[in-house]
Peer 1: 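I'd like to ask some things about the structure below.
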Amino acid sequence: MKVTDHLRNANGKTLFTIEILPPLKGENIKTLFDNIDPLMEFKPPFIDVTYHREEYVYKKKEGGLLEKRTTRKRPGTVGICAAIQNKYKIDTVPHIICGGFDKEETENALIDLHFLGINNVLVLQGDAIKTESRFVPEPGGHHFASDLLQQVVCMNKGIYMDDDLQNVTPTDFCIGVAGYPEKHYFAPNLKTDLKYLKLKVDLGAEYIVTQMFFENKRYFEFVEKCREAGINVPIIPGIKPITSKAQSSILAKTFHIDMPEDLADEVEKCKDNASAKEVGIEWCIQQSKELVKFGVPTLHYYSMGKSDPIYRIAKALF
Ligand SMILES: Cc1cc2nc3c(=O)[nH]c(=O)nc-3n(C[C@H](O)[C@H](O)[C@H](O)COP(=O)(O)OP(=O)(O)OC[C@H]3O[C@@H](n4cnc5c(N)ncnc54)[C@H](O)[C@@H]3O)c2cc1C
């Protein structure tokens with residue numbers, strides 16, 4: 001089923017959904033299932049699975065010279081989506097990205113997803129390679145999420161890259177995109193960022209998932225500004241509990257977001273990671289309760305590979 005159908009069928013009730021990361025290369029999928037299993041109690045109608053592009057690593061060769069290699073540390077997004085659908089009989093939303101793919105590779109990946117019965121995709125530009133300061137598109141690939149989105153929309157209309165193809169089967173993907181309550185780091189201002197967000201919706205995006213935020217006011221204002229700009233699709237809030245002392249700064253830096261003073265102060269006062277985690281979970285519970293009151297379509301938790309804090313938060317809410 002499509003994400004939008006799940007949201008519609010909920011009839012205004014807030015759902016529980018999560019985003020997970022594929023395990024690191026070489027790890028067992030059982031660890032992932034062990035993390036997901038307890039969360040099934042809260043009946044997530046769909047699970048998002050992130051996509052991780054290649055990275056450059058430097059290996060020391062004999063004689064001390066460094067060799068640059070390309071490696072993908074978290075492969076397996078498509079396989080995990082299929083495995084989850086198979087094991088739990090719930091829908092998955094693979095993230096698809098511009099970075100590292102040319103258009104033909106994207107088309108082939110979408111065909112794989114279609115054959116696997118996956119009906120949803122979250123369409124993204126994708127993170128820049130860790131050692132590069134800004135996003136660089138693949139030769140023959142897409143630059144912006146809106147470009148990639150247009151390829152998915154074309155395939156949904158039965159338009160593939162090779163226009164000589166006969167009797168083409170259209171795909172049927174429900175398309176989600178990312179939105180940034182505190183602005184995407186590369187946008188000069190929120191107004192410009194919203195202009196491009198509206199472009200994605202006008203081109204066919206059916207819902208938006210937000211970057212994490214720790215102050216609900218940011219989300220409420222963002223929704224208001226989106227509506228004023230004529231963006232009328234569901235806006236799913238993505239949230240995450242802080243689980244260690246260092247995260248207060250790391251998350252702010254990595255995701256270009258603000259950490260509320262009260263939360264940052266509380267975390268700073270903590271003697272160790274265990275107490276910082278308690279502060280983070282309690283904050284996230286209060287955040288979630290207020291978002292439910294606001295009437296959000298789903299509380300979408302970034303699990304980042306650890307389900308126990310999410311379990312405790314969901315237990316307090318659902
Ligand atoms: C919910 C969520 C899930 C994510 N999952 C992943 C994941 O699985 N894998 C991963 O690698 N990354 C992921 N990311 C990170 C994301 O890829 C980065 O934040 C990336 O830098 C931007 O992606 P986007 O799709 O929002 O880009 P875009 O919508 O392409 O926007 C990128 C920037 O370009 C600007 N812009 C957009 N269109 C145009 C245009 N036509 N002309 C000029 N400027 C334009 C925008 O204002 C913005 O500043 C996720 C982010 C979110 C919020």
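Starting from 1, each residue takes its place in the sequence as its number. All values below were derived from every heavy atom in this structure, side-chain atoms included, with hydrogens, water molecules and symmetry-related copies excluded. Whatever order the structure lists them in is the order used to number ligands and atoms, beginning at 1.
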Peer 1: Just let me know how Leu122 lines up against ligand 1, side chain, backbone, both or neither, with a heavy-atom cut-off below 4.0 Å.
Peer 2: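 Only the side chain of Leu122 comes within reach of ligand 1.
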Peer 1: Looking at Lys103 and Glu107, is there a salt bridge between them, counting it only when a charged N and a carboxylate O are closer than 4.0 Å?
Peer 2: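 A salt bridge is absent here (no side-chain N lies under 4.0 Å from a carboxylate O).
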Peer 1: For the residue pair Phe101 and Tyr51, is the inter-centroid distance of their aromatic rings smaller than 6.0 Å?
Peer 2: yes
Peer 1: Which heavy atom of the protein is the closest neighbour of atom 34 (O) of ligand 1, given with residue, atom name and distance?
Peer 2: Phe144 CE2, 3.4 Å
Peer 1: In terms of heavy-atom contacts, does CZ of Phe294 have more than 12 from other residues, nucleotides or ligands at under 6.0 Å?
Peer 2: yes
Peer 1: For Ala187, take its heavy atoms, then give the atoms of ligand 1 lying under 4.0 Å from any of them.
Peer 2: 47 (O), 49 (O)
Peer 1: Less than 3.5 Å apart, any donor N or O on the side chain of Glu282 or Gln286 sitting next to an acceptor on the other?
Peer 2: yes
Peer 1: Are any of the N/O atoms in Glu19 less than 3.5 Å from those in ligand 1?
Peer 2: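 No; the residue has no nitrogen or oxygen that sits under 3.5 Å from a nitrogen or oxygen of the ligand.
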Peer 1: Which atoms form the tightest heavy-atom contact between Val93 and Cys81, and what is the distance?
Peer 2: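 Heavy-atom minimum between the residues: C-SG, 4.5 Å.
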Peer 1: For Tyr180 and Tyr185, I'd like to know if the aromatic rings sit close, meaning centre-to-centre distance below 6.0 Å.
Peer 2: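 No: the rings miss the under 6.0 Å criterion.
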Peer 1: Tell me, please: is Asp193 in heavy-atom contact with ligand 1, that is, under 4.0 Å?
Peer 2: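 Contact check Asp193 vs ligand 1: positive.
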Peer 1: Inspect the contact between Asp308 and Arg312 and indicate whether a charged nitrogen and a carboxylate oxygen are less than 4.0 angstrom apart.
Peer 2: no
Peer 1: I'd like to know whether ligand 1 has Asp147 as a neighbour, heavy-atom separation below 4.0 Å.
Peer 2: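 Heavy atoms of Asp147 never come under 4.0 Å of ligand 1.
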Peer 1: Considering distance alone, does some N or O of Tyr302 sit under 3.5 Å from an N or O of ligand 1?
Peer 2: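 No: no nitrogen or oxygen of Tyr302 is under 3.5 Å from one in ligand 1.
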Peer 1: Quick check on contacts: which atoms of ligand 1 are under 4.0 angstrom from a heavy atom of Gly126?
Peer 2: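 So the answer, numbered in order with elements, is 10 (C), 11 (O), 12 (N), 17 (O), 20 (C).
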Peer 1: Quick one: which of Val123, Asp127, Val209 has a heavy atom closest to atom 12 (N) of ligand 1?
Peer 2: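 That would be Asp127.
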Peer 1: In terms of hydrophobic clustering (I, L, V, M, F, W, Y; side-chain heavy atoms under 4.5 Å; direct or indirect links), are Leu197 and Phe144 co-clustered?
Peer 2: no
Peer 1: Give the residue and atom name of whichever protein heavy atom lies nearest to atom 5 (N) of ligand 1, and the separation in Å to one decimal.
Peer 2: His95 ND1, 3.0 Å
Peer 1: Does the residue Arg53 have a heavy-atom contact with ligand 1, meaning some pair of atoms that are separated by less than 4.0 Å?
Peer 2: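 Distance cut 4.0 Å: Arg53 fails for ligand 1.
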Peer 1: Under 4.0 Å from ligand 1, counting heavy atoms only, is it the side chain of Gln125, its backbone, both or neither?
Peer 2: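 Within the 4.0 Å criterion, Gln125 contacts ligand 1 through backbone and side-chain atoms alike.
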Peer 1: May I ask you to list the atoms of ligand 1 that are less than 4.0 angstrom from any heavy atom of Ala178?
Peer 2: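 What qualifies from ligand 1 is 26 (O), 52 (C), 53 (C).
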Peer 1: Evaluating non-hydrogen atoms only, which member of Phe255, Tyr51, Phe186, Tyr196 is closest to atom 38 (N) of ligand 1?
Peer 2: Tyr196
Peer 1: Pull out every atom of ligand 1 sitting under 4.0 Å from any heavy atom of Gln211, numbered as shown with elements.
Peer 2: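 Contacts of ligand 1 toward Gln211, numbered from 1: 53 (C).
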Peer 1: Is it true that Glu67 and Lys61 make a salt bridge, defined as a side-chain N closer than 4.0 Å to a carboxylate O?
Peer 2: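 No, Glu67 and Lys61 are not salt-bridged.
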Peer 1: Is there a donor-acceptor contact under 3.5 Å linking the side chains of Thr50 and His95?
Peer 2: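 Looking only at side-chain atoms, His95 and Thr50 do not form any donor-acceptor pair under 3.5 Å.
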Peer 1: Could an N or O of ligand 1 be found under 3.5 Å from any N or O of His184, whether backbone or side chain?
Peer 2: yes
Peer 1: Take every heavy atom of Lys200, measure it against each atom of ligand 1, and state whether any distance is under 4.0 Å.
Peer 2: yes
Peer 1: My question is simple, although I want it checked carefully: is atom 31 (O) of ligand 1 less than 4.0 angstrom from any protein heavy atom?
Peer 2: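 No, there is none.
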Peer 1: Is the shortest distance from a heavy atom of Phe135 to ligand 1 less than 4.0 Å?
Peer 2: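 Per 4.0 Å heavy-atom rule, Phe135 does not contact ligand 1.
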Peer 1: Please state whether the rings of Tyr301 and Phe16 are parallel, tilted or perpendicular, taking 30° and 60° as the class boundaries.
Peer 2: tilted
Peer 1: Does Thr31 form a side-chain hydrogen bond (donor to acceptor under 3.5 Å, both in side chains) with Asp34? I'd like the steps, not just the answer.
Peer 2: CA-CA 5 Å; Thr31 317; Asp34 289 346; 5.6 Å; no
Peer 1: Starting from atom 51 (C) of ligand 1, locate the nearest protein heavy atom and write down its residue, its atom name and how far away it is, to 0.1 Å.
Peer 2: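 Sorting protein heavy atoms by distance from atom 51 (C) of ligand 1 puts Tyr180 OH, 3.8 Å first.
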Peer 1: Going by heavy-atom distance to atom 6 (C) of ligand 1, choose the closest among Thr50, Ile208, Leu124, Asn189.
Peer 2: Leu124
Peer 1: Is it true that Lys269 and Glu266 have a side-chain N and a carboxylate O under 4.0 angstrom from each other?
Peer 2: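 A salt bridge is present here (some side-chain N lies under 4.0 Å from a carboxylate O).
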